[in-house]
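Following: one structure in structure tokens, then a few remarks.
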Amino acid sequence: MSLSESPFNCPLFGLIFSLGLALLFPSYWFVDRLLSCAVATSAERSQGWALRLLRLLLGVPLYLLLFLLSLPLGILGLLLWAPLHQIRRPFCYQKTSHVPPERAIEGKGTFLFISANLCLLPDGLARFSNLGHTQRRTARICNLLALPRASKEPWGMDGKSEDSASLCSTNDVLAMVETHKEDREFPSEISVGFPEGADFLCLQEVFDGRAARKLRRLLAPSFPHILYDVGPSGPYRCGFRFFNSGLFLASRYPPLAAKYFCYPNARGEDSLAAKGLLCVKVQVGVNEEQQRIVGYINCTHLHAPEADSCVRFDQMSHLLQWVADFQSENSEAGEVAVFDVLCGDLNFDNCSADDHLEQTHHLFEAYRDPCRDCAGRDRPGALGTLLRAEHLYHEAVNTPENMKRTLQSLDERKLYLAPPLPQNPSTDVQHWTGRRIDYILYRHSTSFPPTVVDRFQFITQLAGLSDHIPIALRLSVSFAPTTSL
């Protein structure tokens, strides 16, 4: 069982779909450039008013005229493109030839997950988050994410793999689990660079099609399996959406099944995007009994407006039900499931009084948040992941090294991380973490083998390129060979 690469059963539909997109692109690009001329970032405002005035007086009328001239082609493209969403699979799949051979594994291993909100919207819209030049940012982000990978042997028989320092025996893992139950120190760190050897890369807000193409091309050597264009724009079961979900999943391991679910309750500006949940089942190997070893990874991006706690709460309930349905439909006898991970931008934190409703959702009974002590309180070492947009280009946070130094200071981080809601100037700085709205959660239950958090990282490598701080989670998993679903 494997995924087909084309989202259409008939190749002709794919050609018509691509033609429609090509006809739409000029209108899309002219509107994007018009917004880019009208909305300036703080870095551009610091260059003086003369250049801004020139862009407004010349750029806005020019791109408005070009947009109007391109409308006939755009309307024709829309008529070709929009109806095909009703029969199109709501995600695309890219598979490269660099697929590692299936390997026999036994009982233990580590998996590394990275989650990042890249804010790769069309340039004109990204500027509302004080981020411009989407294509330039994409090129730089791709170079950072596509660095050469360290060789990795995530599974081993006797801890003799090249990465044996990250492996441990079954007894060691069980002992570590018991230590974890006694509330051992949270293994977190602030890292300048992305960790090597990532197994899964879960990205949010990859809305721009050209940005997605660059990511796919440059990540392919490290991640042979990529799911993109998730939750299509256009007319769909949850209504018409101008943008897809922005979700993008890159994996070292082949997907066996995948399904997208669209949140039905979006409203306001968030109803323009097809936000939802992407559930994926991957095969990570086979054991000596030739049982298939699988894992589940779920990617999402919840409703954004801060005041709509009830909308996010309902989406979390939908999410839990959809995950259960997906795993029930796709589990097979004889398989061994070793992890179930949920990644994404949930748009609420665990320290804001305004987010109390989401903090107490039973999602946190099904999944464990390694940064969380209890509802409303994070563990020492946890950090906010949302930056103050107005300060993105300040010297204290405009390079990875500077951002790391700033985040390590209890006083300085308060100036650059988004504050809890509602803002309270009297908050004790010793317990101030900022808004941690990006999550990597993992299932901890008797249905899955013992799991231990080896390391949790807050990564500053995208300083000046995104308004979010990427995060990484390394899990150690140990299981008995006879355990199966």
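In this chain, numbering begins with 1 at the start of the sequence shown. Not measured: the values here are computed from a predicted model.
Rounded to the nearest 0.5 angstrom, Thr41 OG1 and Asn130 CG are separated by 5.5 Å. One distance of note links CZ of Phe313 with CD of Gln315; it measures 12.0 Å at 0.5 Å rounding. Atom CD1 of residue Ile469 and atom OG1 of residue Thr385 lie 6.5 Å apart, to the nearest 0.5 angstrom. Between the CG atom of Leu249 and the CZ atom of Phe91 there is a distance of 10.5 Å, given to the nearest 0.5 Å. Taken from CZ in Phe13 to CZ in Arg88, the straight-line distance is 14.0 Å, to the nearest 0.5 Å. A distance of 13.0 Å separates CD in Glu329 from CH2 in Trp322, rounded to the nearest 0.5 Å.
Under the 3.5 Å distance criterion, the side-chain polar atoms of Lys275 are matched with a main-chain donor or acceptor of Leu302. Looking only at distances, no side-chain donor or acceptor of Ser222 sits under 3.5 Å from a matching main-chain atom of Ala220. Listed for the Gln135 side chain is no donor-acceptor partner under 3.5 Å among the backbone atoms of Asp123. In this structure, Thr300 contributes its side chain and Gly276 its backbone to a donor-acceptor pair below 3.5 Å. A donor-acceptor pair under 3.5 Å is absent between the side-chain atoms of Arg252 and the main chain of Gly197, judged by distance alone. Panel note: side chain Ser352, backbone Asp349; no donor-acceptor pair is recorded below 3.5 Å. Of the possible polar contacts, none joining the Arg241 side chain to the Gly231 backbone as a donor-acceptor pair under 3.5 Å is found. Ser466 places no side-chain N or O within donor-acceptor distance of the main-chain N or O of Leu462, the cut-off being under 3.5 Å. Under a 3.5 Å cut-off, the side chain of Arg137 and the backbone N or O of Leu465 do form a donor-acceptor pair. Put simply, the side chain of Asp32 gets close to the backbone of Gly124: a donor and an acceptor are under 3.5 Å apart.
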Exercise for the section: Applying side chain to side chain donor-acceptor pair (under 3.5 Å), run through Asp340 and Gln327 and close with a yes or a no. Expected result: CA-CA 10 Å; Asp340 175 7; Gln327 295 183 9; 3.0 Å; yes
Handout entry: Met403/Thr399 under side chain to side chain contact (heavy atoms under 4.5 Å, CB included): CA gap, chis, key distance, verdict
Key = CA-CA 6 Å; Met403 183 183 287; Thr399 69; over 6 Å; no
Exercise for the section: Determine, step by step, whether Tyr442 and Thr451 satisfy the side chain to side chain contact (heavy atoms under 4.5 Å, CB included) criterion, reporting the C-alpha distance in whole Å, the side-chain angles of both residues, the deciding distance to 0.1 Å, and the verdict. Expected result: CA-CA 9 Å; Tyr442 65 97; Thr451 303; 3.9 Å; yes
Practice task
Show your working on side chain to side chain contact (heavy atoms under 4.5 Å, CB included) between His133 and Glu44 and close with a plain yes or no.
Solution key: CA-CA 11 Å; His133 309 292; Glu44 292 168 340; 3.5 Å; yes
Exercise for the section: Verify salt bridge (Lys or Arg N to Asp or Glu O under 4.0 Å) between Glu412 and Arg405, making sure each step is shown before the conclusion. Expected result: CA-CA 9 Å; Glu412 292 187 26; Arg405 284 193 293 269; over 6 Å; no
Practice task
Applying side chain to side chain contact (heavy atoms under 4.5 Å, CB included), run through Asp355 and Glu306 and close with a yes or a no.
Solution key: CA-CA 8 Å; Asp355 292 338; Glu306 296 166 352; over 6 Å; no
Practice task
Assess whether salt bridge (Lys or Arg N to Asp or Glu O under 4.0 Å) is satisfied between Lys281 and Glu335, documenting all intermediate values.
Solution key: CA-CA 12 Å; Lys281 175 184 177 181; Glu335 289 180 335; 2.7 Å; yes
Exercise for the section: Check the pair Asp467, Arg388 against salt bridge (Lys or Arg N to Asp or Glu O under 4.0 Å), reporting the backbone distance first and the verdict last. Expected result: CA-CA 7 Å; Asp467 56 348; Arg388 294 179 186 254; over 6 Å; no
Practice task
Begin with the C-alpha distance, continue with both residues' side-chain angles, and end with the deciding distance and a verdict on ring pair (Phe, Tyr, Trp, His ring centres under 6.0 Å) for Tyr260 and Phe326.
Solution key: CA-CA 10 Å; Tyr260 160 78; Phe326 176 79; over 10 Å; no
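Looking at residues two or more places apart in sequence or on another chain, you find no ring-ring contact (aromatic ring centres under 6.0 Å, His included) involving Phe364.
With a 4.5 Å cut-off on side-chain heavy atoms, Ile226 and Phe248 count as touching. Taking 4.5 Å as the limit, every side-chain heavy atom of Phe261 sits out of range of all side-chain heavy atoms of His318. Side chains of Leu19 and Leu80 form a contact here, defined as non-hydrogen atoms less than 4.5 Å apart. In this structure, the side chains of Val341 and Ile440 come closer than 4.5 Å at one or more pairs of heavy atoms. Between Val206 and Asp229 there is no side-chain heavy-atom pair separated by less than 4.5 Å. Within the 4.5 Å cutoff, the side chain of Asp325 has no heavy atoms near those of the Ser328 side chain. A 4.5 Å side-chain heavy-atom check between Leu417 and Leu386 finds every atom pair outside the cut-off. Two residues are said to be in side-chain contact when any heavy atoms from C-beta on lie closer than 4.5 Å; Cys202 and Phe113 fail this criterion.
Side-chain N/O atoms of Gln204 and Ser115 include a donor and acceptor closer than 3.5 Å. Using a 3.5 Å distance cut-off with no hydrogens or angles, the side chains of Asp208 and Thr134 do not pair a donor with an acceptor. Side chains of Thr110 and Ser476: no donor on one and acceptor on the other come within 3.5 Å. Tyr253 and His225 share no side-chain donor-acceptor pair at under 3.5 Å. Using modelled atom types and a 3.5 Å distance limit, the side chains of Asp314 and Ser317 yield no donor-acceptor pair. Using a 3.5 Å distance cut-off with no hydrogens or angles, the side chains of His391 and Ser42 do not pair a donor with an acceptor.
Counting non-hydrogen atoms of neighbouring residues, nucleotides and ligands closer than 6.0 angstrom, the CD atom of Glu390 exceeds 12 such neighbours. More than 12 heavy-atom neighbours from other residues, nucleotides or ligands sit within 6.0 angstrom of NZ on Lys214. In this structure, Asp354 places its CG atom where more than 12 heavy-atom neighbours from other residues, nucleotides or ligands lie under 6.0 Å away. Counting heavy atoms of neighbouring residues, nucleotides and ligands inside a 6.0 Å radius, atom CZ of Arg377 does not exceed 12 of them. Annotation for Arg45: atom CZ counts as buried by contact number, over 12 foreign heavy atoms lying within 6.0 Å.
Just one residue in the list Leu278, Leu342, Leu441 forms a side-chain contact (heavy atoms from CB on, under 4.5 Å) with Asn298, and that residue is Leu342. Checking each of Phe456, Tyr367, Phe348 against Tyr439 for a ring-ring contact (aromatic ring centres under 6.0 Å, His included) leaves exactly one that passes, namely Phe348. Paired with Asp438 under the rule side-chain contact (heavy atoms from CB on, under 4.5 Å), one option of Asp345, Leu346, Asn347 passes, and it is Asp345.
For Phe111 and Phe339, the gap between ring centers is short of 6.0 Å.
The existence of a salt bridge linking Arg436 and Asp369 is confirmed by a sub-4.0 Å separation between a basic side-chain nitrogen and an acidic carboxylate oxygen.
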